[in-house]
Amino acid sequence: GESVGLHLPTLSVQEGDNSIINCAYSNSASDYFIWYKQESGKGPQFIIDIRSNMDKRQGQRVTVLLNKTVKHLSLQIAATQPGDSAVYFCAENRDGATNKLIFGTGTLLAVQP
Amino acid sequence: EAGVTQFPSHSVIEKGQTVTLRCDPISGHDNLYWYRRVMGKEIKFLLHFVKESKQDESGMPNNRFLAERTGGTYSTLKVQPAELEDSGVYFCASSQLTGSNTEAFFGQGTRLTVV
């Protein structure tokens, strides 16, 4: 579980609704972005990625949008389910030579049944 | 195929003691990364191995932290002596290739509590 005193941005949605999680990045030179899902007691799990030459990419129930002009990334989850409850992190890859990831602070998605 | 495994899953130690965390990457993955998440903040990069060599250790907080990857297989991260601010979750990740568009697979993490 999370530490006591943790203050993550939280998004609370009803089961079946769509969720939108936002992320801002700082380095305009970043060319690869990833969304990770972290459930309690587990490590970050890859959800979807997008390269900087794209502005939208779709997966199963998830869509990532990239706006390079304002350096903004979003993750859309369609028909949110209780199993989607987790902390979601965006990450940017600034160095293709090392694949070093820079993570955002994370958003806690709480799905209400 | 086994994923990235980390040991122990939890460790509680007293300030001043030594702790060693272990990471077994996915077999065949040359790249191994250590990250940590302190006090619920963002996950931060610590260092990157390519096989047994340290490629980038710019994220290591100070010289109390020592990472090794002898033989290019598993890696250890030792904290000596541990301080209260070292508490957090330490993640290991591995990938087969470097470069953009290369997925890194994470372990479940080691939760370290220094009291």
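Keep in mind the model is a prediction, meaning the values are calculated, not measured. Proteins come first, then strands; the chains are lettered A, B, ... in the order of their sequence lines, and each starts at number 1. Computation of the quantities below employed the complete heavy-atom set of this structure, encompassing side-chain atoms and omitting hydrogens, waters and symmetry-equivalent molecules.
Here CG of A:Asn99 is found 10.0 Å from CD of B:Glu103. Values are rounded to the nearest 0.5 Å.
More than 12 heavy atoms of other residues, nucleotides or ligands sit less than 6.0 Å from atom OH of A:Tyr25. The environment of B:Lys15 atom NZ is sparse: at most 12 non-hydrogen atoms of other residues, nucleotides or ligands sit within 6.0 angstrom. More than 12 heavy atoms of other residues, nucleotides or ligands sit less than 6.0 Å from atom NZ of A:Lys68.
A pairwise comparison of heavy atoms in B:Phe45 and A:Lys100 identifies CD2-CE, 3.4 Å as the closest pair. Scanning all heavy atoms of the two residues, the minimum distance from A:Pro44 to B:Gly107 falls at CD-O, 4.4 Å. The minimum heavy-atom distance between B:Ile43 and A:Phe103, with the atom names listed, is O-CB, 3.3 Å. Scanning both residues, B:Phe91 and A:Lys42, for their nearest heavy atoms gives CE2-O, 4.0 Å. Summarising the geometry of A:Val87 relative to B:Arg37, their closest heavy-atom pair is CG1-NH2, 4.4 Å, with the distance given to 0.1 Å.
Neither the backbone nor the side chain of A:Ile34 comes within contact range of chain B, judged by heavy atoms closer than 4.5 Å. Heavy atoms closer than 4.5 Å to chain B are found in the side chain of A:Tyr36, but not in its backbone. Proximity to chain A is absent for every atom of B:Phe105, based on heavy atoms less than 4.5 angstrom apart. With a 4.5 angstrom heavy-atom cutoff, B:Ser87 does not touch chain A via any of its atoms.
Linking ILVMFWY residues whenever their side-chain heavy atoms come closer than 4.5 Å, directly or via other members, leaves A:Val64 and A:Phe46 in distinct clusters. Hydrophobic clustering (side-chain heavy atoms under 4.5 Å, transitive across Ile, Leu, Val, Met, Phe, Trp, Tyr) keeps A:Phe89 apart from A:Val111. Under the 4.5 Å side-chain heavy-atom criterion for Ile, Leu, Val, Met, Phe, Trp and Tyr, B:Leu66 and B:Leu112 are members of distinct hydrophobic clusters. Under the 4.5 Å side-chain heavy-atom criterion for Ile, Leu, Val, Met, Phe, Trp and Tyr, B:Leu77 and B:Ile13 are members of the same hydrophobic cluster. The cluster map of Ile, Leu, Val, Met, Phe, Trp and Tyr, joined by side-chain heavy atoms under 4.5 Å apart, puts A:Ile48 and A:Leu109 in the same cluster.
Ranked by heavy-atom pairs under 4.5 Å with chain B, the list A:Ile102, A:Thr105, A:Leu101 is led by A:Leu101. If you tally non-hydrogen atom pairs under 4.5 Å between each of B:Glu42, B:Gln108, B:Gln6, B:His10 and chain A, the highest count goes to B:Gln108.
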